[in-house]
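Have a look at the structure below before the remarks.
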Amino acid sequence: MSGDGPELTVTNVAFAAIPVFLLIVTMLVGKLKWSAPRAGAVSWLAAVVLSVFVFGADQSIVVIGSSKGLSLSLFVLTIIWTSVLLYNVIEKMGGISVIGTTMTRLVRDPLAQALIVGWAFSGLVQGVAGFGLPVAVVAPLLLMMGFSPVRAAVIALVGHSWAVTYGSLGSSFYTIQLVSGLDPDTLGPHMAAMFAVPTIVTGFAVAHLQGGFGAIRKGWFAILLIGGAISVSMWLTTVVGAYQVAAVVAGLVGCGVGWGLSRIPRLGLYGDQPVDLKPDNQSPNSLTFNLAFLPYYVLFALSIASQIPVVREFGSDLRFGLDYPETITAKGFIISSVEAYAPIRFLNHPGPLILASLGISYLVYRFRGVWHSGVGISAAKATYSQVVSNSVGVGTMVMMALLMTTVGMTTLLGEAIARATGPAFPLLSPYIGVLGTFMTGSNTNSNAMFGALQIGTAQALGIGLVTIAATHSIGASFGSAIAMSKVMAGTVLVGLSGKERDVLVKAIPYCILVVLTVGIQAWVIINVLDE
Amino acid sequence: MTNLRQNKLKQISLWIIAVDFPVMYLAAVTFESTVLTLVALAFMALGAVAAAVAF
C-alpha cells in the first residue's frame, strides 16, 4: 500500500499527531468540550494544511483522500439513517413501548431484571438501533422496575456495551473492516470469538451493580450460561456472514436463555413477585408484540436470505462504489488504486435491507389496519433532525482519518507508537479504542479515526493484524459505557440531569476492568498463541 | 447566535458537504481539473468552517 513515505523523525511525528491531538484536546480538555462535528471539522482543516505543507500532498491528493473519507462515511451513514428511521417508525406507532413492557412483564427477580433487561435486552436494542437508544430505552425501564436512578443509568451503559461493534446493524464492524482492509469472513468470527470473555465479564459487572458480590455469588452460574449463549450465538452468526444481525441474534438468545433460567428455581434468577407496572407506561394502541417487532423479523429474514450464495452471487454487481486512482505524495508515499471503494451492495448492505423491511412491514400494517396516518412523515422528520449532527461528525472525522491515511500520517504515527510501546502494544491497543469512543460517542467513529492507526502500528510491529483490528473495535465497543453523549442521555432520562459525573465515576471502573480483559486476551493471543 | 440561525447553519454545513462530495470526485478523478479541484476543496473548507461555527 505505502512506498517510502515521510521520514520517521520527532518533528514529522509531532506534525502527524496534530489533527488527532487537536481532536482530543478540543473535545475533552478544560472549558472547550467541543461537539464531535466542530472538533472533526477543525481537525480536518488542520489535516489539510499539514498534508500540503508538511507531507507533500497536492490539491488532488487532498481531495481524493477526503473524498474517500466521504465514500466511507456514506457507507456507514446509510446504515445510521435507515436504522434510526426504522426505530422512529416503530416508536411513533407505540411499538417500542409494547416491546419494552412485554419484556418487563416476563421477568420478576431484580437480578434477573438487571441481567435480562440491562444486559441482554439492551444489547438487543443496540443490535437493531444503537446510537444511544439502548440507554434511552433501558435506563427508564430499570427505573420503572425500582432501580435507583444512578444504578439504572450505569447498568444500561455497561450492560449494552458488548453489543456495539455488531450493533446498529453492523455499522462499526463494517467500518473497521473497511479501514483495515481485512477480509470480513476472517475478521468477523475472530472478533466475535474475542468478544466472549469480556462479554461475560460485563454480565458480572451488571450483577455487581445490582447487588454487589452477593448478586455475583447468587447468579454466577446463570451469568455464565447467558454469557455463553450470547457469545456462541454471536460467533455462529458471524460465521455465516450475517454481521449486521450478530448482536440482534445474540441479544435475542440472551433474553430467551435468561427468561428460561428465571423460570427455574435455584439458579439465582427465580422470582415469584410480579412486576407492578404503572398503567400509564402501557401502550394505548392495538399493536401486539409480534406486530411491533415485525420490521425486525422481516429484517432478520432478509439478512439471512442475503447471505444465500445464489443471492450473493446475483447481487455482487448490484452495487454503488467509486473507483479511486493511485496517489503518490512528494514524500514518496503511495496508495494503490482501488475499484468500487466502500461499495454499497443493494442486496447485502444493511441500508437497502432495512428500507425493504420497512416497506414490507408498512404493507402488513396497512392490511391489518394498524398503520397511523402521518407516521411515515413524522418519523422521517424526527430522523432528519436526529442525524444532522451525527452525519457532519462522521463525515468530517472520517475525512480527517482517510486524508491522514492517504498522505502517510497514520502510518508514521503507527510506526512511532510501535517503537514506543513494543511488546506491550496489545495491552494498550483496546484503550485507544476506548479513547475514540469516549471522545466521539461512537464505536464507528473510533474505528474510522484510529482503526488505520492500529493497523499501521501492528504492521510496524509485525504482529497479528486481525487480532489488533478486533482488539481495537472491542475496546471501542466497551468504551461506549463511558461515552459522554450516552452518559448524558442516560442521566437525562432517569432524572439526573447535571449529575453526569456521578454516573461517569461509577461506570469508569467497570469499563477499565472489562477493557483490561480485552488487552490481556490480545496479549495472550499474540504472544502466547502466536496469532 | 440565535438557536434558529445556529440550526440553519448546521443544516447548511451538512448540505455543503453532501453536495460538494460528488463535485470533489468529478473534479479530481473524472476531469482531473486543477481549477475545479481547488474550487471544490475551497467549498469543503467552507462547509467545515460552517460546521465549526454552528455545532
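Keep in mind that this is a model prediction, so the values were computed, not measured. Here is how names work: the chains are called A, B, and so on, in the same order as the sequence lines, proteins then strands, and each is numbered from 1.
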Check your understanding: At a heavy-atom separation under 4.5 Å, does B:A51 approach chain A through its side chain, its backbone, both, or neither?
Key -> both

Review point. Yes or no on side-chain contact (heavy atoms from CB on, under 4.5 Å) for B:F55 and A:W34, after CA distance, side-chain angles and deciding distance?
Key: CA-CA 8 Å; B:F55 286 94; A:W34 286 1; over 6 Å; no

Review point. Side-chain contact, heavy-atom cut-off 4.5 Å: A:L70 with B:M44?
Key: yes

Check your understanding: So do A:L45 and B:V49 actually touch side chain to side chain, heavy atoms under 4.5 Å?
Key -> yes

Exercise for review: Examine whether an atom of B:T34 lies under 4.5 Å from a heavy atom of chain A, and if so say whether it belongs to the side chain, the backbone or both; otherwise answer neither.
Suggested key: both

Practice item. May I ask you to test the B:V29-A:D323 pair for a side-chain heavy-atom distance under 4.5 Å? Key: no

Exercise for review: Measure across B:A48 and A:A41 and return the closest heavy-atom pair with its distance rounded to 0.1 Å.
Suggested key: O-CB, 3.2 Å

Point to revise | Per-residue contact mode, A:T396 against chain B (heavy atom under 4.5 angstrom) | key: side chain

Point to revise | Interface moiety of A:S385 toward chain B, non-hydrogen atoms closer than 4.5 Å | key: neither

Check your understanding: Are side-chain heavy atoms of B:F21 and A:L322 found at a separation under 4.5 Å?
Key -> yes

Check your understanding: When rounded to the nearest 0.5 angstrom, what is the spacing between OG1 in B:T37 and CD in A:Q59?
Key -> 6.0 Å

Exercise for review: Please check if atom CD in A:E339 has more than 12 non-hydrogen atoms from other residues, nucleotides or ligands closer than 6.0 Å.
Suggested key: no

Check your understanding: Above 12 or not: heavy atoms from other molecules or residues under 6.0 Å from CZ of B:F43?
Key -> no

Check your understanding: Which atoms form the tightest heavy-atom contact between A:S66 and B:M24, and what is the distance?
Key -> CB-CE, 4.0 Å

Practice item. Please round to the nearest 0.5 Å and tell me the distance separating atom CG of B:L41 and atom OG of A:S60. Key: 10.5 Å

Exercise for review: Give, as side chain, backbone, both or neither, the part of A:S73 having an atom under 4.5 angstrom from any heavy atom of chain B.
Suggested key: neither

